[in-house]
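All heavy atoms count here, side chains included; hydrogens, waters and symmetry mates do not. In what follows, every chain begins at residue 1, and chains take the letters A, B, ... in the order their sequences are listed.
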Amino acid sequence: MPELPEVETTRRGLQPHVEGHRVASVLLRRPDLRWPIPREIESLLPGQRISAVRRRAKYLLLDTDAGSALLHLGMSGSLRVLPADTPVRAHDHVDIALAASIDTPARVLRFNDPRRFGCLLWQAAGDVHSLLARLGPEPLSDAFDGDYLFALSRQRKAPVKTFLMDQSVVVGVGNIYAAEALFVAGISPLRAAGKVSRERYVALAEAVKLILQRAIDRGGTTLRDFISPDGAPGYFEQELLAYGRGGQPCPRCGHALRQASIGQRATVWCGRCQR
DNA sequence: AGGTAAACCTGGACGC
DNA sequence: TGCGTCCAGGTTTACC
């Protein structure tokens, strides 16, 4: 489910309830998600004060003096901050209980993930987890621009949509926002990455930034099960121009939007506006 | 090295 | 109503 805007929405929802608070206890209702949950989550995290809630790519990090809990929401994961006595529902796999303080009641940070493609891992203090080691730049940073994409894409034969979704090229762009950005930039998702001009990569980088920022402003996209930590859905779905609209008229020219699978992912685009 | 496809897992939508 | 099939916001892993 979650691409960068949904993870960032989650981070922002978590931050006021989690940052500066102490972990009272950890409850694992199953020992694994995508991978086994490491021992440190149970042995080191309880008692620690969470100093920051950060995002890198589609990962969330809960920083403590001992190290960081590293979370990924996979396709169907969500995190919520709930009153400590909230009844458990199906697929509530992990509770990180937060200690009560003078001005806040006890709450629980609860990780729900039906498909279990998400993960909860541990990054020791001073370390960079191997999953974070080979990631590309953040799309909303100055390091990401058209010149960067142009330089990296030379000689590459994979479709530009596959290239854009490669997390070692740029992080955070998944299937929804890749389709949207290519639509806005007027680039066919099928075009080989190495055959897109510098000028058009400038337009693409700008489109990625614009769309991701706009989606963050709307609280992300809720298709099925994405919810923010306070239970609210995202409102970007109503602004989607291409994703999920195969067969419908192009919002720009009225021509029927095409749909096909590119790199194992359903892709929608306008054969007239996108070349 | 780059490119492609299988694999992981559950639930919802759909057709019969 | 029930069952089979297909599809879904991700990414590692294996293979060519």
_Distance check, P atoms only: B/dC9 and C/dC3, in whole angstrom units._
23 Å
*Report the distance from atom CG of A/Asn175 to atom C1' of C/dC7, rounded to the nearest whole Å.*
12 Å
_A/Arg245 to A/Tyr243, cation-pi by 6.0 Å centre distance and 45° axis angle_ = no
_Please determine whether a side-chain nitrogen of the Lys or Arg among A/Glu206 and A/Lys209 lies less than 4.0 Å from a carboxylate oxygen of the Asp or Glu._
no
*Note every stem involving DNA chain B: at least three consecutive Watson-Crick or G-U wobble pairs, i with j then i+1 with j-1, with both distances under 3.5 Å.*
B:2-8 with C:10-16, B:10-16 with C:2-8
_Any residue in residues 143-162 of chain A with a heavy atom nearer than 4.0 angstrom to DNA chain B? Just list them by number, or reply none._
A/Arg156, A/Lys157, A/Ala158, A/Pro159
*Atom CG of A/Leu135 to atom P of C/dG10: distance rounded to whole Å?*
14 Å
Pairs of donor and acceptor atoms involving the side chains of residues 137-147 of chain A, under 3.5 Å and at least two apart or interchain, shall be tabulated with distances.
{"from": "A/Glu138", "atom 1": "OE1", "to": "A/Arg55", "atom 2": "NH1", "distance (Å)": "2.9"}
{"from": "A/Glu138", "atom 1": "OE1", "to": "A/Arg55", "atom 2": "NH2", "distance (Å)": "3.3"}
{"from": "A/Glu138", "atom 1": "OE2", "to": "A/Arg56", "atom 2": "NH1", "distance (Å)": "2.9"}
{"from": "A/Glu138", "atom 1": "OE2", "to": "A/Ala57", "atom 2": "N", "distance (Å)": "2.7"}
{"from": "A/Ser141", "atom 1": "OG", "to": "A/Glu138", "atom 2": "O", "distance (Å)": "2.7"}
{"from": "A/Ser141", "atom 1": "OG", "to": "A/Ala143", "atom 2": "N", "distance (Å)": "3.4"}
{"from": "A/Asp145", "atom 1": "OD1", "to": "A/Asp147", "atom 2": "N", "distance (Å)": "3.2"}
{"from": "A/Asp145", "atom 1": "OD1", "to": "A/Tyr148", "atom 2": "N", "distance (Å)": "2.9"}
{"from": "A/Asp147", "atom 1": "OD1", "to": "A/Arg198", "atom 2": "NH1", "distance (Å)": "3.0"}

Contacts under 3.5 angstrom, residues 80-95 of chain A side chains, donor-acceptor by atom type, not counting sequence neighbours:
{"from": "A/Thr86", "atom 1": "OG1", "to": "A/Pro83", "atom 2": "O", "distance (Å)": "2.7"}
{"from": "A/Asp92", "atom 1": "OD1", "to": "A/Asn112", "atom 2": "ND2", "distance (Å)": "2.8"}
{"from": "A/Asp92", "atom 1": "OD2", "to": "A/Arg89", "atom 2": "N", "distance (Å)": "2.7"}
{"from": "A/His93", "atom 1": "NE2", "to": "A/His91", "atom 2": "O", "distance (Å)": "3.4"}
{"from": "A/His93", "atom 1": "NE2", "to": "A/Asp113", "atom 2": "O", "distance (Å)": "2.8"}
{"from": "A/Asp95", "atom 1": "OD1", "to": "A/Arg29", "atom 2": "NH1", "distance (Å)": "3.3"}
{"from": "A/Asp95", "atom 1": "OD1", "to": "A/Arg110", "atom 2": "NE", "distance (Å)": "2.8"}
{"from": "A/Asp95", "atom 1": "OD2", "to": "A/Arg29", "atom 2": "NH2", "distance (Å)": "2.6"}
{"from": "A/Asp95", "atom 1": "OD2", "to": "A/Arg110", "atom 2": "NH2", "distance (Å)": "3.0"}

*What's the CG-P distance between A/Leu73 and C/dG9, to the nearest Å?*
15 Å
_A/Tyr59, nearest nucleotide to its side chain (from C/dG9, C/dT12, C/dA8)_ = C/dT12
Which donor-acceptor pairs under 3.5 Å do the side chains of residues 258-269 of chain A make with protein atoms, sequence neighbours left out?
{"from": "A/Thr267", "atom 1": "OG1", "to": "A/Lys161", "atom 2": "NZ", "distance (Å)": "2.9"}
{"from": "A/Thr267", "atom 1": "OG1", "to": "A/Arg265", "atom 2": "O", "distance (Å)": "2.9"}

_Under 4.0 Å, counting only non-hydrogen atoms across every strand here, what does A/Arg116 touch: a base, just sugar-phosphate, or nothing?_
sugar-phosphate
*Pairwise distance CD(A/Gln248) to CG(A/Leu241) - rounded to 0.5 angstrom*: 11.5 Å
*Just the endpoints, please: which first and last nucleotides of DNA chain B, 5' to 3', lie under 4.0 Å from a heavy atom of chain A?*
B/dG3 to B/dG11
*Between A/Tyr177 and A/Phe236, what is the ring plane arrangement, given parallel below 30°, perpendicular above 60°, and tilted in between?*
tilted
*asked:* For the P atoms, the ones on C/dT11 and on B/dA1, what distance do you get once it is rounded to whole angstrom?
replied: 22 Å
_On DNA chain B, does the nearest nucleotide to A/Ala90 precede the nearest nucleotide to A/Arg34 from the 5' side, or the other way round? Give the residue._
A/Arg34
*Rounded off to whole Å, could you give me the CZ-to-C1' distance for the A/Arg265 and C/dC6 pair?*
15 Å
*Between A/Tyr177 and C/dG9, does any side-chain N or O lie under 4.0 Å from OP1 or OP2?*
no
*Which residues within residues 201-213 of chain A lie with some heavy atom under 4.0 Å of an atom in DNA chain C?*
none
_On DNA chain C, does the nearest nucleotide to A/Gln259 precede the nearest nucleotide to A/Gln264 from the 5' side, or the other way round? Give the residue._
A/Gln259
*asked:* Taking the minimum atom-to-atom distance to the side chain of A/Phe226, which one of C/dG9, C/dT11, C/dG10 wins?
replied: C/dG9
*asked:* Using a strict heavy-atom distance below 4.0 Å, which residues from residues 215-223 of chain A are in contact with DNA chain C?
replied: A/Thr221, A/Leu223
*Ignoring hydrogens and angles, tell me if any N or O in the side chain of A/Thr10 forms a donor-acceptor pair with the backbone of A/Ser228 under 3.5 Å.*
no
*For A/Ala256 against A/Gly247, the heavy-atom pair lying closest together*: CB-O, 4.0 Å
_Atom pair CD1/CD of A/Ile216 and A/Glu6 - distance to nearest 0.5 Å_ = 9.0 Å
*Nearest-Å distance for atom pair CG/P, residues A/Leu33 and C/dT12*: 15 Å
*Is any side-chain heavy atom of A/Leu182 closer than 4.5 Å to a side-chain heavy atom of A/Leu204?*
yes
_Does anything in residues 182-197 of chain A form a side chain to side chain donor-acceptor pair (under 3.5 Å)? List the pairs, not counting sequence neighbours._
none
Would you tabulate the side-chain donor-acceptor contacts of residues 116-135 of chain A under 3.5 Å, counting partners in other chains and residues two or more places apart, or write 'none'?
{"from": "A/Gln123", "atom 1": "OE1", "to": "A/His129", "atom 2": "N", "distance (Å)": "2.8"}
{"from": "A/Gln123", "atom 1": "NE2", "to": "A/Asp127", "atom 2": "O", "distance (Å)": "3.3"}
{"from": "A/His129", "atom 1": "ND1", "to": "A/Leu131", "atom 2": "N", "distance (Å)": "3.0"}

_Nearest-neighbour nucleotide for the A/Met165 side chain, C/dG9, C/dG10, C/dT12 considered_ = C/dG10
*Can you check the A/His129 NE2 to C/dT11 P distance for me, whole Å?*
14 Å
*Do A/Arg49 and A/Asp65 sit within salt-bridge range, that is, some charged N less than 4.0 Å from a carboxylate O?*
no
*Who passes salt bridge (Lys or Arg N to Asp or Glu O under 4.0 Å) against A/Glu239, sequence neighbours left out?*
A/Arg214, A/Arg218
*For residues A/Val53 and A/Leu61, determine if any side-chain heavy atom of one lies less than 4.5 Å from a side-chain heavy atom of the other.*
no
_If the condition is side-chain hydrogen bond (donor to acceptor under 3.5 Å, both in side chains), which residues does A/Asp103 pass it with, not counting sequence neighbours?_
A/Ser101
*In whole angstroms, how far is the C1' atom of C/dG9 from the CE atom of A/Met75?*
6 Å
*Grab the CG-P distance between A/Leu60 and C/dG10 for me, whole Å please.*
15 Å
*Using the closest heavy atom to pick a nucleotide of DNA chain C for each, name whichever of A/Arg115 or A/Gln167 lands nearer the 5' end.*
A/Arg115
